[in-house]
Amino acid sequence: MKIFLNGKEKILSSNISSLKDFIEVILSNEKGKIIELNGKVIKKVDRDKISLKDGDRIELIQFMGGG
Amino acid sequence: MDRHPPLEIAGKTIKNRFFLGTGKFGSKAEMMNCIKESEIEVVTVAMRRVDAEEDSENLLEYIPDDVILMVNTSGARNAEEAVRIARLAREAAGVEWIKIEVINDSKYLLPDNNETIEAVKVLASEGFTVFPYMLPDLYAARAMEKAGAAAIMPLGSLIGSGEGLKAKKFIEILIRETSLPVVVDAGIGRPSQAAEAMEMGAAAVLANTAVALANDPGNATLAFSLAVRAGRLAWLGKMAGPQKDAVASSPLTGFLFEE
């Protein structure tokens with residue numbers, strides 16, 4: 001399956017099917033991270049209910065220092 | 001000792017009129033100390049994509065809960081992108097205070113007033129408390145006021161330049177001609193410049209680079225806070241103006257050695 005992570009193409013291995021699986025693989029600490037799927041913010045409780053499909057666009061966002 | 005009334009914006013009361021940007025600090029702990037020691041009440045933060053490999057700590061854990069979080073829309077090149085960032089901040093963390101920052105010039109990093117006005121219209125209508133970062137222009141300021149901005153944030157000089165109030169005359173016009181609080185942002189490099197902005201009637205001052213890259217950010221933050229406070233008191237105090245000739249401070253009669 002092919003998805004887009006922060007705008008970049010990424011091929012997922014076959015054992016990853018839900019958004020929750022994916023987040024666990026790519027982030028060691030998900031505290032404070034905002035996850036957007038196809039333009040919608042996904043709350044933590046909903047992540048295991050959502051299965052990923054080809055062409056999904058995932059954005060990983062967080063608050064950073066800024067003026 | 002607290003003689004000057006606090007700044008009130010959207011139901012919040014702000015005593016410390018020095019707003020701090022959180023970028024460029026050596027560490028998050030250092031930034032947190034500056035906020036705590038100087039009792040900073042408003043900070044700005046940005047939103048960025050996470051590099052999965054870097055996986056850094058959560059910035060928000062270093063900002064005390066009672067501090068007002070203002071999310072900037074830095075990275076937005078047009079109104080639409082600024083609106084998207086604001087909505088994301090609200091949805092993800094309940095943030096209501098947005099510094100609208102729309103920049104599509106990479107050399108001077110000047111804000112695009114036209115796009116900013118469009119973003120103010122949309123976000124104010126959605127109930128956000130919006131602070132447009134702007135080039136000090138009276139027509140733009142009026143449009144932002146009409147569109148529902150909570151305050152305006154004219155630049156003192158170019159972002160990060162530390163050149164102070166290069167745009168002083170134009171900021172002064174905004175202070176005089178709009179009824180919105182004016183928060184001077186960008187280019188403020190020294191506490192004396194911050195005081196100068198407050199002396200001419202600014203409602204608050206925001207700085208980041210000057211503090212974050214200081215040798216001692218803790219002392220720098222406190223110096224800015226005190227300068228902003230002094231400037232505010234000076235504005236309220238309305239000092240006697242300059243005179244061309246000498247004017248004695250002591251009575252000119254009853255001298256002890258008069259014959």
Side-chain angles (χ1 to χ4, degrees), chain A, chain B residues 19-28 30-32 43-63 69-75 84-85 87-93 95 99 101 109 133 153 155 159-160 185-188 206-212:
Chain A
M1 182 166 39
K2 188 175 77 185
I3 57 109
F4 294 90
L5 176 63
N6 289 346
K8 285 195 193 103
E9 202 178 291
K10 210 171 170 71
I11 309 289
L12 299 189
S13 61
S14 55
N15 59 339
I16 297 174
S17 61
S18 75
L19 184 60
K20 185 174 175 248
D21 296 339
F22 178 66
I23 300 305
E24 278 170 3
V25 170
I26 57 165
L27 287 179
S28 55
N29 171 19
E30 63 170 285
K31 227 174 167 186
K33 308 292 190 296
I34 300 154
I35 290 145
E36 225 188 30
L37 176 65
N38 301 324
K40 290 192 82 172
V41 175
I42 308 294
K43 301 234 156 59
K44 201 173 173 186
V45 289
D46 295 328
R47 278 176 212 163
D48 53 348
K49 286 179 240 159
I50 293 173
S51 41
L52 292 175
K53 55 183 193 309
D54 210 45
D56 273 346
R57 306 189 77 88
I58 299 167
E59 293 276 328
L60 282 183
I61 301 154
Q62 69 179 356
F63 290 103
M64 307 275 280
Chain B
F19 298 179
L20 185 64
T22 58
K24 299 185 190 171
F25 277 89
S27 72
K28 293 188 180 79
E30 186 174 62
M31 175 208 75
M32 182 174 70
V43 298
T44 56
V45 300
M47 295 186 90
R48 288 289 181 273
R49 280 172 165 170
V50 182
D51 184 347
E53 274 79 54
E54 260 179 40
D55 196 17
S56 59
E57 303 164 281
N58 182 9
L59 176 77
L60 300 192
E61 283 176 20
Y62 290 83
I63 298 173
L69 202 62
M70 191 194 291
V71 169
N72 72 37
T73 66
S74 64
R84 184 175 173 264
I85 293 169
R87 288 176 181 157
L88 187 61
R90 174 185 265 174
E91 206 175 339
V95 172
K99 170 181 162 184
E101 190 176 337
L109 300 174
Y133 170 60
M153 302 182 93
L155 58 85
I159 292 180
D185 184 3
I188 303 301
L206 187 148
N208 186 348
T209 303
V211 169

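In what follows, chains carry the letters A, B, and so on, assigned in the order in which the sequence lines appear, proteins first and then strands, with residues in each chain numbered from 1. None of the values given here were measured: they were computed from a predicted structure. Excluded from the calculations below are hydrogen atoms, water molecules and symmetry mates; all remaining heavy atoms, backbone and side chain alike, are included.
Note: B:Leu59 CG to A:Met64 CE = 8.5 Å, rounded to the nearest 0.5 Å. Distance check, rounded to the nearest 0.5 Å: CZ of A:Phe63 to OG1 of B:Thr44 gives 12.5 Å. Between the CG atom in B:Leu88 and the CD1 atom in A:Ile61 there is a gap of 4.5 Å [rounded to 0.5 Å]. Annotation: the span from A:Asn6 atom CG to B:Arg48 atom CZ amounts to 12.5 Å, rounded to 0.5 Å. One distance of note links CD of B:Glu91 with NZ of A:Lys43; it measures 5.5 Å at 0.5 Å rounding.
With a 4.5 Å cut-off on non-hydrogen atoms, B:Val71 touches chain A through its side chain but not through its backbone. For B:Arg84, the part lying near chain A is the side chain, with the backbone staying farther off; criterion is any non-hydrogen pair under 4.5 Å. The part of B:Lys99 that comes within reach of chain A is its side chain, from C-beta onward, which places non-hydrogen atoms under 4.5 angstrom from that chain.
Note on B:Gly23, B:Ala46, B:Gly21: by heavy-atom pairs under 4.5 Å with chain A, the leading option is B:Ala46. Of all the listed residues (B:Arg87, B:Met70, B:Met47), the one sharing the greatest number of non-hydrogen pairs under 4.5 Å with chain A is B:Met47.
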